[in-house]
2 protein chains.
Amino acid sequence: MPRETFFNLPKDKRDHIITAAIEEFSQAGYSTASTNQICKKSGIPKGSFYQYFTDKLDLYVYIMTLAIEEKIRFFSVALTEFPALSLLEQIRLLFTKGIEFAKTHPQYAALGEQFSKESDESAKSAVIKEGDKRSDTLFLQMIDQAKAKGEIDDSVDAQALSLLLQSLNSAVNSYMQDRYGSLSYEEHEKDMKHFIESLLNILYRGIKK
Amino acid sequence: MPRETFFNLPKDKRDHIITAAIEEFSQAGYSTASTNQICKKSGIPKGSFYQYFTDKLDLYVYIMTLAIEEKIRFFSVALTEFPALSLLEQIRLLFTKGIEFAKTHPQYAALGEQFSKESDESAKSAVIKEGDKRSDTLFLQMIDQAKAKGEIDDSVDAQALSLLLQSLNSAVNSYMQDRYGSLSYEEHEKDMKHFIESLLNILYRGIKK
DNA sequence: TAGAGATATGACCACGTGGTCACATGTGGT
DNA sequence: ACCACATGTGACCACGTGGTCATATCTCTA
């Protein structure tokens, strides 16, 4: 956690630093990100950096915490807005909301992308310890609920389905990124909706004739 | 491509260098890997390194090429061994062979893992240019074939299914890695087989009741 | 045996890194 | 007006990086 000095800073200066850090970490990931660059971008001297944060990792974990909080807030708002959806509808909602999140919070999304690629294990575990992996339990909860309601077949393995949904969720995002890059969301909304429906169709009916 | 000097080297010295490079790149990825470390590990002086390779990227692309060739050979042998399998059987074969490859060639598998995480775009594109992405076309071919044979439903979106299979394939591998680490393959063969069957079951029948 | 051309070698370079520290500047209370 | 203490600051450190180059050592031909 950042030192008290950091939180005593005037809000706009703090925000400058946060913005600069998000920018750097979302482009470079933890290990290749440069504290010098963050200082230069936010206009603070090197010495001040180490007045505010104990080290690079301290800042990184703080930034990731902000991003995680934001994303969780985003999803849970979406889910509670529509209670009593079927599993398939819930999944559809999460997919589309996932894309929406990446669109409205591109920096946070990029941060997450970089995090999943991070090779520095100590940095990864430090972030995870500070709270994540809730998406897995979220999916498992949804699946169990749906089974209880008799929505889906009992022969479906919950663990396997959860893995499938997780990998699918990230795959959809990177697919959209690869295909349309940073182009406007609205322009390709139809394509994306159609693609998601195709996936859901496979998921629901299976591929058998 | 390495310089001629490199290929004139006695085979065991060349192999030492290759081994050291694989070790380093599979642990650190391209951008964080250190040429100094590779020199130290393989026992060659710094000067010799730059006698053999034009630069770090030259060596990296060469190593990746070796890994890709090996993996493609592995898969195509497996597929041609059993001609006339159904799509589901082909997919099952690829999943299990994928795990087997990761088990028998852990270094190469780790190399691929690191590559997919690589953030240095120039390195990525240099490797891709030298030949990859065949797995995507492989899946698409299999799907088209299966459709032609009337094995799977026409309403299934080939592109969507291919993406699903790709992401699932890598997800299965990292899942196994996370769960069982480097433990012996045989010990958990049953678990893994069971897990794969669960996934194939969802894929085939869908999740609907 | 001489000499030419390929190959081996490690000291060296400029640079960027994360992190430190002595000192300058601000701020609030007396 | 003073002083104590929090805060700001950038020159500096040791180190590791990818890459170079003059020189030493081979090897093979004449």
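Chain naming here is simple, since letters A, B, ... match the order of the sequence lines and numbering starts at 1 in each. Predicted model only: the values in this text are computed from it and were never measured.
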Is there a side-chain contact between [X] and the phosphate of [N], meaning an N or O under 4.0 Å from OP1 or OP2?
X	N	answer
A:N8	D:dA6	no
A:Y52	D:dT7	no
A:S48	D:dG8	no

Rounded to whole Å, please give me the gap between [atom1] in [X] and [atom2] in [N].
X	N	atom1	atom2	result
B:I44	D:dT25	CD1	C1'	17 Å
A:Q51	C:dC21	CD	P	13 Å
A:R14	D:dG8	CZ	P	13 Å
B:I38	D:dG16	CD1	P	17 Å

In terms of ring plane angle, is the pair B:Y30 and B:Y60 parallel, tilted or perpendicular, where the classes change at 30° and 60°?
->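 Aromatic pair B:Y30/B:Y60 classed tilted.
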Students often get this wrong, so: under 4.0 angstrom with heavy atoms, is [X] touching a base, only sugar-phosphate, or nothing?
X	answer
A:F53	nothing
A:L9	sugar-phosphate
A:F6	nothing

Between B:V61, B:I17, B:T35, which is the residue that forms a side-chain contact (heavy atoms from CB on, under 4.5 Å) with B:F53?
->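 Filter result, single survivor: B:I17.
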Short side-chain to backbone donor-acceptor contact, A:S198 and A:H194, under 3.5 Å |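 Yes.
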Scoring nucleotides 17-23 of chain D by protein non-hydrogen atoms under 4.0 Å (B base, S sugar-phosphate only, - none) yields BBBB---
Scan residues 34-47 of chain B for pairs that pass salt bridge (Lys or Arg N to Asp or Glu O under 4.0 Å), counting only residues two or more places apart or in two chains.
->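 Counting only pairs at least two positions apart or across chains, the salt bridge (Lys or Arg N to Asp or Glu O under 4.0 Å) contacts touching residues 34-47 of chain B are B:E23-B:K41, B:E24-B:K41.
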Heavy atoms from other residues, nucleotides or ligands near CD of B:E81 exceed 12 (cutoff 6.0 Å) =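 Atom CD in B:E81 is packed in, count exceeds 12.
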Apply salt bridge (Lys or Arg N to Asp or Glu O under 4.0 Å) to A:E121 and A:K124, showing your working.
-> CA-CA 5 Å; A:E121 292 305 324; A:K124 284 199 100 155; 5.8 Å; no
Sidechain N-carboxylate O distance under 4.0 Å for B:E118, A:K117 |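 So B:E118 does not pair with A:K117 through a salt bridge.
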Are A:K97 and A:E100 ion-paired here, with the side-chain N under 4.0 Å from a carboxylate O?
->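 Judged by the 4.0 Å cut-off on N to carboxylate O distance, A:K97 and A:E100 do form a salt bridge.
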How does DNA chain C look in dot-bracket form if you count Watson-Crick and G-U pairs under 3.5 Å, write [ ] for pairs that cross, and put | where a base pairs with another strand?
-> ||||||||||||||||||||||||||||..
Show your reasoning for whether salt bridge (Lys or Arg N to Asp or Glu O under 4.0 Å) applies to B:E70 and B:R73.
-> CA-CA 5 Å; B:E70 186 65 25; B:R73 209 182 55 76; 3.2 Å; yes
